[in-house]
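To start, the structure itself, in structure tokens.
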Amino acid sequence: MSLIAWDQSISVNIPSIDTQHQKWIGMINDLYDAMRSGKGKEVVGKILEEMVQYTQTHFAAEERLMRQYGYPEYEQHKLAHDRFVEKVKDLQARNAAGQIALSAEVFTSLKDWLVNHIQTVDRRYAPFLTAKGVR
Ligand code: FEO
């Protein structure tokens with residue numbers, strides 16, 4: 001079973017952004033599957049690297065849109081992104097150094113952050129960006 005199942009409860013109703021979120025969730029699910037099926041450190045490390053990179057790609061795309069249209073809550077949103085990137089990079093470094101394992105608790109924390117961020121922080125920009133014509 002996937003760690004995170006996509007459904008309407010995590011849609012922001014902007015198709016281009018939902019597509020990015022689906023890809024991002026897919027990468028976290030792949031990472032979870034790799035961990036659960038006991039894939040080696042190299043395989044897990046590679047998937048983790050791709051997930052960290054895509055997280056930054058997605059955040060940069062959202063931040064561009066928010067800046068482009070003058071979204072008033074840009075600063076708070078960017079701060080939430082920056083803190084999460086720090087968190088996943090720290091996770092990546094500690095995993096590479098063998099200091100922590102990617103445990104069920106780590107995935108629960110990733111899942112909770114992501115779902116909460118989409119449902120609260122991302123959804124706040126949805127009416128604003130939709131009114132600007134972003135689809
Ligand atoms: Fe979709 Fe603000 O991350």
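These values consider heavy atoms only, across backbone and side chains, with no hydrogens, waters or symmetry-generated copies. One-based numbering, in listed order, for ligands and for the atoms of each.
- Under a 3.5 Å cut-off, the side chain of Ser109 and the backbone N or O of Glu105 do not form any donor-acceptor pair.
- For Ser11 (side chain) and Asn13 (main-chain N/O), a donor-acceptor pair under 3.5 Å exists by modelled atom type.
- Neighbouring protein atoms of atom 1 (Fe) of ligand 1 (N, O or S, distance under 2.8 Å, waters ignored): His21 NE2, His58 NE2, Glu62 OE2, Asp122 OD2.
- Annotation: Tyr125 is in aromatic contact with His77 [ring centroid separation under 6.0 Å].
- The stretch residues 86-107 participates, sequence neighbours left out, in these ring pair (Phe, Tyr, Trp, His ring centres under 6.0 Å) pairs: Tyr32-Phe107.
- For the residue pair His58 and His21, a side-chain donor N or O sits within less than 3.5 Å of a side-chain acceptor on the partner.
- Between the NE2 atom of His81 and the NE2 atom of His77, the angle centred on atom 2 (Fe) of ligand 1 amounts to 80° when rounded to 10°.
- A side-chain hydrogen bond (donor to acceptor under 3.5 Å, both in side chains) with Trp24 holds for exactly one of Thr55, Thr57, Asn29, Thr19; it is Thr55.
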